[in-house]
Enquirer: 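Mind looking over this structure? Questions follow.
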Amino acid sequence: MGEANEGHGIMLYDTVWKGARLATMAGDGAGDGAGNGIGALDHGVIAAKDGVIVYAGPSANAPALDAKQVIDCEGRWITPGLIDCHTHLIHGGDRAAEFEMRLDGASYEEIARSGGGIVSTMRATRAASEDDLVATALPRLDALIAEGATTVEVKSGYGLDAATEIRMLRAARRLGTERAVSIATTFLGAHALPPEYAEDADGYIALLCDEVLPQVAALGLADAVDAFCEGIGFSVEQTERMFAAAARHGLPVKLHAEQLSNLHGAALAARHGALSADHLEHLDEAGIAAMAASGTVATLLPGAYYFVRETKLPPVAALRAAGVRIALATDCNPGTSPLTSLLLTMNMGATLFRLTVGECLAGVTRNAARALGLSDRGTLEAGKRCDLAIWDVERPAELIYRMGFNPLHARIWSGQ
Ligand code: DI6
Ligand code: FE
């Protein structure tokens, strides 16, 4: 680097994006006085070095912009790279035939009896090699990436035995080497009861806590631990045992809570300092208060709400009033949300849940980062990773307003 530059305290940046309009998503949302909580800036500049944002703000205050590469954004909008904080991207097979049967009038029970449901995905996942799992997940990941996703969470939970859960997590980690994207992995062994343990849910939880999770943790394959706390899933008591095991391994927790009924899973998650509680259609006031107190993010999954034709809405107004941060995610899974679009997820968040434009954008950036415990991303601010989405839109609302249209102009991951 030039000695002259150093002598004058001028930094040589790798890349400068100028002529941009920025939705920095900085601050903490509504009440920060910055354009509906999106931190809107009309004449913005971003400068990055070594994959990190060094400056993001008005061009008027920008430092000397000495860069190896200067990109004129011609007035395009830049948001933080999008973050999908809840997916089941890795799985064998699909459930399109089951979908067809349901449209032809078959009930959920008939489908389960004919070998469908979550156990059919378990079988297909157990039968798949690690290479198969990576190969079948890549098109789904590519669809997310094509819309500006730079960080994607991926859960296990279709193996339901040690070998397959580990294979799923290895496949998930590999996605992050196959593509320029950050992958956060979550161990969801407590997703469903495998047939081997049909009458012994406690025994299965013991297997997960005493054998599977210790292996997963020793291999460094999970960034968090999740469970499905539900009548058709696991009880509060069983979930609590999973959380205790997670704590023993120093792993943060999240929870599928209050999706189909109210077992008070969200309050349990909050008591354990969970990063997020997810779904939440049946969440009550006590659960909201507990989440507000613990700073647990409410991750709403409008794709699942839509696909299963749920009618009970999550308590958005009460979450908002209590100051609970709201994230939005695809829940991409073969059974209840075969969705690989964060843009459509935002549209559903707005149309179905009445979230504002600012809330939808925060839900797939700042608050999604928080739901993953990642404090190094989710906003356009000095010191954050340089993960950007550059959009051909006139106003950010267009990202949410359109359905099935992708205005992504460019995507930058780690400054590239
Ligand atoms: N809640 C869901 O909606 C999915 N898992 C969960 O815990 C359903 C997964 C599937 O049907 O394959
Ligand atoms: Fe899920």
Side-chain angles (χ1 to χ4, degrees), residues 84-99 101-102 108-109 111-112 115-126 128 133 136-137 140 152-160 164-165 168 172 184-194 201 208 224-235 238-239 242 253-263 265-266 269 274-283 297-310 312 314 327-340 342 345 348 368 371-372:
D84 195 347
C85 67
H86 179 143
T87 87
H88 308 253
L89 211 66
I90 294 275
H91 55 260
D94 63 55
R95 307 247 283 278
E98 179 178 315
F99 176 65
M101 284 168 71
R102 273 171 47 200
Y108 191 82
E109 274 181 343
I111 290 164
I118 207 163
V119 172
S120 76
T121 301
M122 179 207 75
R123 269 193 234 100
T125 305
R126 286 182 178 180
L133 292 175
T136 54
R140 296 189 277 270
V152 176
E153 185 258 18
V154 181
K155 300 176 194 296
S156 70
Y158 286 115
L160 312 179
T164 316
E165 288 291 307
M168 286 186 76
T185 56
T186 302
F187 176 61
L188 177 59
H191 188 196
L193 206 54
L208 293 177
V225 172
D226 192 351
F228 185 36
C229 184
E230 191 58 68
I232 60 164
F234 297 91
S235 70
Q238 288 159 345
T239 300
M242 278 316 301
V253 297
K254 327 165 62 69
L255 191 63
H256 283 70
E258 271 80 282
Q259 180 185 6
L260 308 169
S261 62
N262 182 9
L263 295 190
L275 293 171
S276 69
D278 304 34
H279 285 288
L280 302 175
E281 280 83 345
H282 293 261
L283 179 65
V297 173
T299 299
L300 304 183
L301 305 167
Y305 174 92
Y306 164 85
F307 196 77
V308 305
R309 308 181 79 235
E310 175 62 67
K312 177 118 176 64
L328 283 176
T330 61
D331 195 17
C332 177
N333 79 70
T336 63
S337 189
L339 170 63
T340 48
L342 278 172
T345 299
M348 289 176 173
L372 297 176

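Values below: every heavy atom of this structure, side chains too, minus hydrogens, waters and symmetry copies. Start at 1 and go down the list; that is how both ligands and their atoms are numbered.
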Enquirer: Any atoms of ligand 1 less than 4.0 Å from a non-hydrogen atom of Q259? List them with their elements.
Expert: 1 (N), 2 (C), 3 (O)
Enquirer: Give me the residue, atom name and distance of the protein heavy atom closest to atom 5 (N) of ligand 1.
Expert: H191 NE2, 2.8 Å
Enquirer: At what distance is the nearest protein heavy atom to atom 10 (C) of ligand 1, and which residue and atom is it?
Expert: Y158 OH, 3.3 Å
Enquirer: So which of the N, O or S atoms of H86 lies nearest the Fe ion (ligand 2)?
Expert: NE2
Enquirer: Please list the nearest protein heavy atom to atom 4 (C) of ligand 1 with its residue and the distance rounded to 0.1 Å.
Expert: T336 OG1, 3.6 Å
Enquirer: With only distance considered, is T121 within less than 3.5 Å of ligand 1 through an N or O on each side?
Expert: no
Enquirer: For ligand 1, which atoms sit closer than 4.0 Å to a heavy atom of G335?
Expert: 10 (C), 11 (O), 12 (O)
Enquirer: Of all the atoms in D331, is at least one N, O or S atom closer to the Fe ion (ligand 2) than 2.8 Å?
Expert: yes
Enquirer: With heavy-atom distances below 4.5 Å as the criterion, would you say the side chains of L339 and Y306 are in contact?
Expert: no
Enquirer: Could you report the tightest heavy-atom contact between S276 and A371, atom names first, then the distance?
Expert: CB-CB, 4.0 Å
Enquirer: Just checking, any donor-acceptor pair under 3.5 angstrom between side chains of D84 and T330?
Expert: yes
Enquirer: Heavy-atom contacts with N333 under 4.0 Å: which atoms of ligand 1 show up? List them by number with element.
Expert: 4 (C), 8 (C), 9 (C), 10 (C), 12 (O)
Enquirer: With heavy-atom distances below 4.0 Å as the criterion, list the atoms of ligand 1 near H256.
Expert: 1 (N), 6 (C), 7 (O)
Enquirer: Any side-chain heavy-atom pair from C85 and T299 closer than 4.5 angstrom?
Expert: yes
Enquirer: Are any of the side-chain heavy atoms of L275 and V253 separated by less than 4.5 Å?
Expert: no
Enquirer: Taking the side chain from E258 and the backbone from G265, do they hold a donor-acceptor pair closer than 3.5 Å?
Expert: yes
Enquirer: Tell me, please: is R95 in heavy-atom contact with ligand 1, that is, under 4.0 Å?
Expert: yes
Enquirer: What I want to check is whether the side chains of E153 and T87 have a donor and an acceptor closer together than 3.5 Å.
Expert: no
Enquirer: Taking heavy atoms and a distance under 4.0 Å, where does D331 meet ligand 1: side chain, backbone, both or neither?
Expert: side chain
Enquirer: Angle at the Fe ion (ligand 2): provide the value between NE2 of H88 and NE2 of H256, rounding to 10 degrees.
Expert: 100°
Enquirer: Report the part of H91 in contact with ligand 1, treating N, CA, C, O as backbone and CB onward as side chain, heavy atoms under 4.0 Å; options are side chain, backbone, both, neither.
Expert: neither
Enquirer: H279: heavy atom below 4.0 Å from ligand 1, yes or no?
Expert: yes
Enquirer: Taking the side chain as every heavy atom from C-beta outward, state whether S156 and F187 have any atom pair closer than 4.5 Å.
Expert: yes
Enquirer: Can H256 and D278 be counted as having a side-chain donor-acceptor contact under 3.5 angstrom?
Expert: no
Enquirer: Determine whether K254 and V225 make a side-chain contact, defined as any pair of heavy atoms from C-beta on separated by less than 4.5 Å.
Expert: no
